[in-house]
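Report on the structure given below.
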Amino acid sequence: VICCYTGSDLRTRGVIPAIDSLIDLNVTLEFDHLELHPKIEHVFFPFDVDEFTANYSEKSEVIRVGHAPTNRAAKGSDFIISVIKELQKKYPVELVLIENVSYAESQKMKSGCQIFIDQIGDLGYGLNSLESLAMGIPTCSCLVQGFEEKYPDHPFVVIDKLNLQQKLVDLIGSTELRTRLSKSGRDWVQRHHSAVSVVQKIQQLLDL
């Protein structure tokens, strides 16, 4: 029997002994769950990269920086927006705020960005990041503590409140850096987040 934890269930309820005693393998899509269960393995969220088209050659005089908050407080959106507005005083930057629009419109808006910022928060990257990476967009996000050590090949520009402005300046000023991150990002998602690789990881954990 395999038990897969998702979202906040383990954070809010904790381990339920009666259920846990029946399980052969616990896996989780949430990296922070590793600190909440005595015996659990992290697997990546399955994601189909082929549903998204990457445009590595797009050039623009104005660098469009996307951000798509579902919960502004949780994502640190007010701070992110203020930093981008400050950069607009010195650099050719446009804020693309993807909010309160349909999914189709959000994808259209996101695909036109040269940089994407997921969040500054406690839980690291989410689905927004997977979509932007699959589109070949350099992606900035915080990461859960320990994630970078376990997966050092990750393609994220790791941000916090102290370094966000400088990280954006680096990306805005270097076409070469953006191009390199564009290609490595999509490749990383394909290798780690594809359904095939996730199932293979589970099979490996079960010694199948």
Side-chain angles (χ1 to χ4, degrees), residues 7-8 10-11 28-36 42 44-45 60-100 106 109-110 112-189 192-193:
S8 297
L10 188 58
R11 300 181 196 118
T28 179
L29 304 177
E30 309 287 343
F31 192 82
D32 69 297
H33 284 178
L34 298 179
E35 301 295 325
L36 303 176
H42 175 253
F44 288 97
F45 180 86
S60 175
E61 292 183 2
V62 177
I63 303 298
R64 294 184 293 274
V65 182
H67 178 57
T70 50
N71 182 324
R72 285 197 177 199
K75 288 183 173 283
S77 298
D78 289 346
F79 180 80
I80 290 168
I81 292 168
S82 69
V83 169
I84 296 172
K85 288 183 175 179
E86 186 66 25
L87 289 175
Q88 287 177 321
K89 298 175 182 178
K90 296 182 179 180
Y91 301 93
V93 173
E94 175 187 346
L95 169 63
V96 180
L97 189 59
I98 307 169
E99 194 174 34
N100 300 320
S106 72
M109 293 172 68
K110 186 182 293 183
C113 296
Q114 284 77 46
I115 300 169
F116 186 80
I117 304 173
D118 191 339
Q119 63 179 325
I120 296 177
D122 297 327
L123 299 179
Y125 73 95
L127 185 57
N128 262 316
S129 281
L130 297 181
E131 292 174 349
S132 59
L133 289 171
M135 292 176 182
I137 303 170
T139 300
C140 308
S141 183
C142 65
L143 294 178
V144 176
Q145 184 175 0
F147 184 92
E148 195 163 16
E149 289 73 24
K150 186 172 179 63
Y151 303 109
D153 66 330
H154 75 81
F156 293 98
V157 177
V158 183
I159 56 172
D160 55 35
K161 286 190 173 182
L162 296 177
N163 70 13
L164 176 59
Q165 181 166 319
Q166 185 58 53
K167 294 287 188 178
L168 289 176
V169 168
D170 293 342
L171 286 168
I172 292 166
S174 176
T175 302
E176 186 278 330
L177 176 59
R178 295 198 306 273
T179 300
R180 176 165 54 82
L181 290 172
S182 294
K183 296 178 179 179
S184 65
R186 182 178 170 92
D187 176 68
W188 186 84
V189 174
H192 289 286
H193 280 274

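Predicted model, so just to flag it, every value in this text is computed and none were measured. Values reported hereafter were calculated over all heavy atoms of this structure, with side chains retained and with hydrogens, waters and symmetry mates removed.
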Which pair of non-hydrogen atoms, one from [X] and one from [Y], has the smallest distance, and what is that distance?
| X | Y | value |
| --- | --- | --- |
| S182 | G136 | OG-O, 2.7 Å |
| P92 | E61 | CB-O, 3.6 Å |
| K110 | I137 | O-CD1, 3.1 Å |
| F31 | Q145 | CE2-O, 3.6 Å |
| P138 | R178 | CG-O, 3.4 Å |
| N128 | K75 | ND2-NZ, 4.1 Å |

Would you indicate whether the side-chain heavy atoms of [Y] and [X] approach each other to under 4.5 Å?
| X | Y | result |
| --- | --- | --- |
| I84 | I117 | yes |
| L164 | F79 | yes |
| L171 | L181 | yes |
| F44 | H42 | yes |
| L10 | E30 | no |
| I115 | C140 | yes |
| L97 | P69 | yes |

Check your understanding: Can you list the residues that meet the salt bridge (Lys or Arg N to Asp or Glu O under 4.0 Å) rule with R72, with sequence neighbours excluded?
Key -> D78, E99
Practice item. Return yes if some donor-acceptor pair links the side-chain N/O of Q119 with the main-chain N/O of S141 below 3.5 Å, else return no. Key: no
Practice item. Please test V65 against V96 for side-chain contact (heavy atoms from CB on, under 4.5 Å), starting from the C-alpha separation and ending with a verdict. Key: CA-CA 6 Å; V65 182; V96 180; over 6 Å; no
Practice item. Take atom CD of E35 as the centre, draw a 6.0 Å sphere, and report whether it contains more than 12 heavy atoms from other residues, nucleotides or ligands. Key: no
**Study point:** Heavy atoms from other residues, nucleotides or ligands near CG of D122 exceed 12 (cutoff 6.0 Å)
**Key:** no
Roughly how far apart are [X] [atom1] and [Y] [atom2], rounded to 0.5 Å?
| X | Y | atom1 | atom2 | result |
| --- | --- | --- | --- | --- |
| I172 | Q165 | CD1 | CD | 9.0 Å |
| T175 | L177 | OG1 | CG | 9.5 Å |
| E94 | R64 | CD | CZ | 6.5 Å |
| D160 | K167 | CG | NZ | 8.5 Å |
| I80 | D118 | CD1 | CG | 8.0 Å |
| C113 | I63 | SG | CD1 | 10.5 Å |

**Study point:** Among F45, Y151, W188, ring pair (Phe, Tyr, Trp, His ring centres under 6.0 Å) partner for H193
**Key:** W188
Check your understanding: Hey, are H192 and D153 close enough side-chain-wise for a donor-acceptor pair under 3.5 Å?
Key -> yes
Practice item. Evaluate the criterion side-chain contact (heavy atoms from CB on, under 4.5 Å) for residue pair L36 and R11; output intermediate values, then yes/no. Key: CA-CA 7 Å; L36 303 176; R11 300 181 196 118; 3.7 Å; yes
**Study point:** Step-by-step side-chain contact (heavy atoms from CB on, under 4.5 Å) determination, I98 to H67
**Key:** CA-CA 6 Å; I98 307 169; H67 178 57; over 6 Å; no
Check your understanding: Taking it one step at a time, do S129 and F156 satisfy side-chain contact (heavy atoms from CB on, under 4.5 Å)?
Key -> CA-CA 9 Å; S129 281; F156 293 98; 3.7 Å; yes
Check your understanding: Which residues pass the side-chain hydrogen bond (donor to acceptor under 3.5 Å, both in side chains) test with D187, sequence neighbours left out?
Key -> R191
Point to revise | Sole candidate of T139, L130, L133 that passes side chain to side chain contact (heavy atoms under 4.5 Å, CB included) when paired with Y125 | key: L130
